[in-house]
Amino acid sequence: MQIVVFSTQRYDRELLTAANAEHGHALVFEEAPLSLSTASLAAGVPAVCIFVNDHADAATLAKLAAGGTRLVALRCTGFNNVDLDAAARLGIRVVRVTDYSPYSVAEHAVALLLALDRKVHRAYNRTRDGNFALDGLMGFDLHGRSVAVLGTGKIGRVFARIMAGFGCELLGYDAYPNAEFEALGGRYAGLDEIIDRADVISLHCPLTPETRRIINADTLARMKRGALVINTSRGGLLDTEAAIGALKSGQLGGLGIDVYEQEAGVFFRDLSSSIIADDVLQRLVAFPNVIVTGHQGFFTREAIGTICATTLASASAFERGEPLVNELHAG
Ligand code: NAD
């Protein structure tokens, strides 16, 4: 089956091509993201494969459907960028990769937390410049601290397990609490309580209308002064401008983000020779207590291997008319 793969990088092309050896699909790689203006690249093609910053809104899906596309395969977990109601109306089926190494993202969240707390990014720069002074590098023990996990699904629970290993108190908030988090020693509480108590807040819930800007000016104001926020889920969970205000006042002690609300068009690209027009992002990276990574949480060998294999297996199942185990449904 022909599949147009949008938003591809070199590693996507290499790894999808290798995984495709056992499927034999005709993969057409496009660097451009899917949008209303690029949907025509898939005209006459039954399947498209998209990533986190492609826009599969109603108009784009309608254009894809008019061109004969019947399958949208997300090579990621989050699906906030796809209008599932529109897809259902248009007869387009949508699949994603539900299960690939939750360790990849959870471990990246821990990496951000440790680097931020112990100022590893600053020490790295200092020692390369012959500066071995410690002033400004003091962190706090994670042992005994309260860690709030917002979204205790697959990734949130792996993160919680690691933090339990550090000797942290685990506070959970989830629309659907689960026993596995409690078995780790976690305790569920209301959002206000966990925000009030936590020394570290790590975001692992999906971006939905209910969770959009779940960390906002109000929540930032009620946090313990100096608490750290880690976001490896979706940029829209955090009100970035409010976070900048809280960083400036010292209320927010540090911010580690792998995702950013306006990341489309910036992340996954080398803009080191360009002028970046996004003043909010530029302000963020200028703080000594902010670490920004460019949506690399998923970027481990194990995770990418599973993403490629699962995506192509879904396409093969669709082509053969078999059940789609990773299908997303509207509603
Ligand atoms: P999951 O579905 O296993 O877990 C999500 C959890 O959030 C569930 O327990 C769910 O009940 C909870 N939730 C849903 N709505 C909620 C609400 N309104 N309030 C509180 N909790 C709510 O998903 P996962 O595999 O753990 O992935 C979590 C998120 O991580 C994804 O949605 C995606 O946005 C993000 N992600 C990021 C990367 C990256 O590279 N940085 C990679 C993969 C996934």
Side-chain angles (χ1 to χ4, degrees), residues 7 9 11-12 50-54 74-82 84 94 96-113 148-163 170-184 186 188-195 198 201-216 219 229-238 256-261 263-264 267-268 291-308 310-311 326 328-329 331:
S7 292
Q9 302 285 339
Y11 49 83
D12 293 306
I50 66 172
F51 195 46
V52 292
N53 292 326
D54 292 286
L74 283 150
R75 54 181 192 283
C76 56
T77 307
F79 53 90
N80 49 288
N81 52 338
V82 180
L84 292 178
V94 182
R96 64 169 171 158
V97 184
T98 32
D99 258 322
Y100 67 87
S101 170
Y103 308 101
S104 61
V105 185
E107 290 173 11
H108 191 69
V110 177
L112 286 174
L113 171 57
V149 185
L150 269 63
T152 54
K154 290 180 289 296
I155 296 170
R157 289 199 301 274
V158 173
F159 175 80
R161 190 177 308 129
I162 298 170
M163 297 323 296
L170 299 175
L171 302 168
Y173 173 74
D174 199 298
Y176 304 94
N178 65 74
E180 206 183 307
F181 177 73
E182 291 173 317
L184 292 168
Y188 283 106
L191 187 58
D192 285 352
E193 184 189 340
I194 74 168
I195 296 287
I201 297 169
S202 193
L203 308 182
H204 301 286
C205 49
L207 177 61
T208 65
E210 296 76 47
T211 61
R212 182 171 293 280
R213 306 213 157 164
I214 195 164
I215 300 297
N216 52 47
T219 42
V229 170
I230 307 294
N231 186 8
T232 55
S233 193
R234 284 293 179 267
L237 297 174
L238 174 73
I257 56 172
D258 187 47
V259 286
Y260 169 57
E261 198 164 10
E263 69 180 52
F267 282 14
F268 310 117
I291 300 180
V292 179
T293 54
H295 209 137
Q296 67 178 75
F298 70 100
F299 205 50
T300 65
R301 279 187 204 92
E302 292 79 1
I304 300 280
T306 308
I307 287 170
C308 293
T310 307
T311 303
N326 291 311
L328 285 163
H329 298 281

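When a ligand or atom number is given, it counts from 1 through the structure's own listing order.
- Remark: minimum distance from atom 36 (N) of ligand 1 to any protein heavy atom is reached at Arg234 NH1, 3.8 Å.
- At least one heavy atom of Ser233 lies less than 4.0 angstrom from ligand 1.
- No side-chain heavy atom of Asn326 sits under 4.5 Å from any side-chain heavy atom of Val97.
- Not a single heavy atom of Leu207 sits under 4.0 Å from any atom of ligand 1.
- Across all their heavy atoms, Thr152 and Arg157 have their closest contact at O-NH1, 3.0 Å.
- The distance criterion of under 3.5 Å between nitrogen or oxygen atoms is met by Asp174 with respect to ligand 1.
- Between Val259 and Leu237, the closest side-chain pair of non-hydrogen atoms is not below 4.5 Å.
- The shortest contact between atom 21 (N) of ligand 1 and any protein heavy atom is with Ala175 N, 3.3 Å.
- A donor atom on one side chain and an acceptor atom on the other are not found under 3.5 Å apart for Thr300 and Tyr103.
- Residue contact check: Gly151 has heavy atoms under 4.0 Å from atoms 7 (O) of ligand 1.
- Contact annotation: the side chain of Asp174 never approaches that of Phe181 to less than 4.5 Å [non-hydrogen atoms, C-beta and beyond].
- Closest to atom 40 (O) of ligand 1 among all protein heavy atoms lies Phe298 N, 3.0 Å.
- Among all non-hydrogen protein atoms, the one lying nearest atom 42 (C) of ligand 1 is Tyr100 OH, 2.9 Å.
- At a 4.0 Å heavy-atom cut-off, ligand 1 does not touch Phe79 at all.
- Between Val82 and Leu328 there is no side-chain heavy-atom pair separated by less than 4.5 Å.
- The backbone of Thr152, and not its side chain, has at least one atom closer than 4.0 Å to an atom of ligand 1 (non-hydrogen atoms only; backbone = N, CA, C, O).
- Taking any N or O of Val105, backbone or side chain, none lies under 3.5 Å from an N or O belonging to ligand 1.
- Comparing Thr293, Thr232, Leu237 against atom 37 (C) of ligand 1, the shortest heavy-atom distance belongs to Thr232.
- At under 3.5 Å, a nitrogen or oxygen of Asp258, whether backbone or side chain, sits near a nitrogen or oxygen of ligand 1.
- Among protein heavy atoms, atom 23 (O) of ligand 1 sits closest to Lys154 NZ, 4.2 Å.
- Heavy-atom proximity to Tyr173, at under 4.0 Å, picks out these atoms of ligand 1: 19 (N), 20 (C).
- Every atom of ligand 1 is numbered from 1 in the order shown, and the set under 4.0 Å from a heavy atom of Gly297 is 40 (O).
- Taking atom 14 (C) of ligand 1 as the reference point, the nearest protein heavy-atom neighbour is Pro206 CD, 3.5 Å.
- In terms of protein heavy-atom proximity, atom 17 (C) of ligand 1 is nearest to Thr211 CG2, 3.4 Å.
- Closest of all the heavy-atom pairs between Cys205 and Thr211 is SG-CG2, 3.9 Å.
- Counting only distance, with no hydrogens or angles, the side chain of Asp192 and the backbone of Ile195 share no donor-acceptor pair below 3.5 Å.
- In terms of N/O distances under 3.5 Å, ligand 1 is approached by Gly153.
- Note: Phe298 and Phe268 have perpendicular aromatic rings, judged against thresholds of 30 and 60 degrees for the angle between ring planes.
- Counting only heavy atoms from C-beta outward, the side chains of Phe267 and Thr293 never approach each other to under 4.5 Å.
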Self-check item: Verdict with reasoning, Arg75 to Asp12, per side-chain contact (heavy atoms from CB on, under 4.5 Å)
Solution: CA-CA 10 Å; Arg75 54 181 192 283; Asp12 293 306; 3.7 Å; yes

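- Inter-residue side-chain proximity for Phe51 and Asp54 is flagged as met; some heavy-atom pair is nearer than 4.5 Å.
- Comparing heavy-atom distances from atom 39 (C) of ligand 1 across Glu180, His204, His295 singles out His295 as nearest.
- At a heavy-atom distance under 4.0 Å, atoms from both the backbone and the side chain of Ile155 approach ligand 1.
- Taking the side chain as every heavy atom from C-beta outward, Ser101 and Thr306 never approach each other to under 4.5 Å.
- Below 3.5 Å of separation, one finds no N or O of Cys205 facing any N or O of ligand 1.
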